[in-house]
Amino acid sequence: MSASELEATVGALGIDLGNTNTVVCAARSELLLEEPSVMLLRDSGARRPKVAAVGHDARSLVGRTSNGVSAVRPLRDGVITDLDTAQAYIRAVLHKLAPHRWQRLRIHAVVGVPLGATPLERRALLEAAEEAGLHRPALLAEPIAGAIGCGIDPLDRRTHLAVDIGGGTAEVTAFCFGEVVAHRSSRVAGDEMTMAVFHHLREQHGILLGELDAEDIKVRCSTEEGPTIAVAGRDAATGRPKVATVTIEELQAAMRPVIDAIVQTLAACMDDLPPQSVGDVLSEGLLAFGGGSLARGVHHRLDEALGFSVKPAERPLTCVAEGAAKALRDRRLLDAFRGW
């Protein structure tokens with residue numbers, strides 16, 4: 001593939017670096033990558049560990065490798081915690097998309113960032129993206145990017161309300177005519193739902209799980225139709241393998257306090273809305289996306305707390321990257337929300 005051909009296909013990207021999943025779309029909204037945000041590092045004796053695997057390959061090996069290999073997540077609470085790790089991760093993702101170094105020249109990208117991220121956290125993400133090889137990357141608030149990916153124009157003169165519940169952050173944002181009208185953010189989100197499942201199974205059933213196994217159980221609570229699910233783990237008392245049958249209802253009950261805490265924080269955004277905006281939101285409803293929005297009971301609690309109808313996104317897991325990619329074709333969107 002020539003450099004010009006790559007520029008036309010992979011050379012302009014929308015990137016959603018999530019706690020749980022990383023999604024990359026081309027500027028034409030073509031989905032290029034959707035993989036877990038996990039990286040395996042091998043201690044090779046050098047100053048920096050070597051990247052052994054990333055994405056699906058890394059997740060499938062978690063807990064199955066020697067002591068010299070460690071699993072890391074590049075982000076926590078939606079932002080970078082270690083610059084070197086984030087650089088290595090973004091570089092590995094780009095390598096999967098364009099294996100040859102010459103193919104990665106002058107790749108432009110818009111990267112999603114939590115609206116509630118601090119200026120220091122934003123600078124860290126930009127620095128990591130640039131050092132990884134992206135050419136002059138730009139940032140776009142994830143709630144805005146997700147709304148764009150769902151077909152909403154944030155430059156519209158009507159107020160729109162969007163809620164993004166990811167793994168590390170949950171944010172509700174009202175925006176109108178290129179400005180953020182109101183915003184509330186919580187760093188209690190999908191990861192805390194996973195930990196609620198983990199603690200419940202350990203305390204009530206004596207089963208120890210890894211973090212990824214607990215995450216899978218959380219997802220199964222929302223996707224499986226039966227009243228119970230089988231959970232396999234290690235017996236907390238004996239250390240031996242153990243299988244238990246757990247009801248979905250009790251797992252939902254374990255997650256409910258976390259969901260309520262998220263919704264209460266987000267509901268406070270309603271107090272900040274201008275009166276005229278309330279009418280817009282009442283007629284338009286609330287757009288919900290992000291992996292955490294798929295948990296059973298979330299839409300019902302949002303509806304109860306906010307008083308607006310909840311409209312789930314058609315592609316809740318990929319719309320942020322899709323919207324970031326669309327913003328590459330309309331610089332007005334990036335210019336309007338550059339200060340947020």
Side-chain angles (χ1 to χ4, degrees), residues 1 6 9-26 30-105 107-113 124-135 137 142 166-168 190-191 194 210-216 219 290-291 317-318 320-322 324-325:
M1 181 183 292
L6 185 74
T9 55
V10 186
L13 306 174
I15 302 176
D16 178 14
L17 292 174
N19 274 39
T20 306
N21 292 304
T22 294
V23 183
V24 182
C25 287
E30 175 190 358
L31 184 63
L32 300 178
L33 181 141
E34 183 182 4
E35 300 202 14
S37 299
V38 182
M39 179 170 62
L40 288 187
L41 297 178
R42 177 178 287 115
D43 187 0
S44 59
R47 186 171 68 90
R48 294 180 180 177
K50 181 180 179 181
V51 177
V54 67
H56 288 304
D57 295 338
R59 196 181 194 280
S60 66
L61 290 170
V62 171
R64 297 182 172 93
T65 56
S66 64
N67 293 333
V69 178
S70 58
V72 298
R73 290 181 180 268
L75 288 89
R76 284 290 177 188
D77 295 334
V79 295
I80 287 174
T81 56
D82 180 80
L83 197 59
D84 289 339
T85 299
Q87 290 172 3
Y89 179 75
I90 298 173
R91 189 178 295 113
V93 169
L94 294 177
H95 186 270
K96 294 193 75 166
L97 296 173
H100 302 291
R101 185 172 181 176
W102 61 267
Q103 292 177 316
R104 300 191 293 272
L105 296 176
I107 295 181
H108 299 269
V110 173
V111 184
V113 63
L125 180 56
L126 276 177
E127 182 178 341
E130 289 174 345
E131 291 295 326
L134 292 175
H135 180 67
E142 290 170 350
D191 287 348
T194 299
E211 180 182 349
L212 297 181
D213 291 330
E215 188 177 294
D216 288 338
V219 173
L317 300 179
T318 63
V320 170
E322 292 169 0

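The shown structure was predicted, so the numbers you read here are calculated from the model rather than taken from an experiment.
- Proximity of Thr20 to Thr194: side-chain heavy atoms (C-beta onward) are nowhere separated by under 4.5 Å.
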Evaluate Leu13 against Leu97 for side chain to side chain contact (heavy atoms under 4.5 Å, CB included), listing each step before the verdict. CA-CA 11 Å; Leu13 306 174; Leu97 296 173; 4.1 Å; yes
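- A pairwise comparison of heavy atoms in Glu35 and Gly55 identifies OE1-CA, 3.2 Å as the closest pair.
- For Lys50, the NZ atom counts as loosely surrounded, since its 6.0 Å shell holds 12 or fewer non-hydrogen atoms of other residues, nucleotides or ligands.
- A pairwise comparison of heavy atoms in Val38 and Tyr89 identifies O-CE1, 4.0 Å as the closest pair.
- The salt bridge (charged side-chain N to carboxylate O under 4.0 Å, His left out) test applied to Arg48 returns Asp84, not counting sequence neighbours.
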Arg76 and Asp191: CA distance, side-chain angles, deciding distance, side chain to side chain contact (heavy atoms under 4.5 Å, CB included) verdict: CA-CA 9 Å; Arg76 284 290 177 188; Asp191 287 348; 4.1 Å; yes
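- What you find for Ala129 and Pro137 is that their closest heavy atoms are CB-CG, 3.8 Å.
- Here the closest heavy-atom approach between residue Gly112 and residue Leu125 is recorded as O-CD2, 3.9 Å.
- Although no hydrogens or angles enter the test, the distance criterion places a donor-acceptor pair under 3.5 Å between the side chain of Arg73 and the main chain of Asn19.
- Leu17 places none of its side-chain heavy atoms less than 4.5 Å from the side chain of Ser37.
- A donor-acceptor contact shorter than 3.5 Å links the side chain of Arg91 to the backbone of Glu131.
- Residues Ile15 and Leu134 meet the side-chain proximity criterion, which asks for heavy atoms closer than 4.5 Å.
- Cys25 contributes atom SG, which lies 9.0 Å from atom CG of Asp16 (distance to the nearest 0.5 angstrom).
- Distance check: Leu126 CG to Ile80 CD1 gives 9.0 Å after rounding to the nearest 0.5 Å.
- Counting heavy atoms from C-beta outward, Val54 and Leu40 have side chains that stay 4.5 Å or more apart.
- Of all non-hydrogen atoms in Glu127 and Gln87, the two that sit nearest each other are O-NE2, 4.4 Å.
- One distance of note links CE of Met39 with CG of Asp57; it measures 13.5 Å at 0.5 Å rounding.
- The shortest heavy-atom contact between Thr85 and Pro74 is CG2-CA, 4.3 Å.
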Evaluate Val23 against Leu31 for side chain to side chain contact (heavy atoms under 4.5 Å, CB included), listing each step before the verdict. CA-CA 8 Å; Val23 183; Leu31 184 63; 3.5 Å; yes
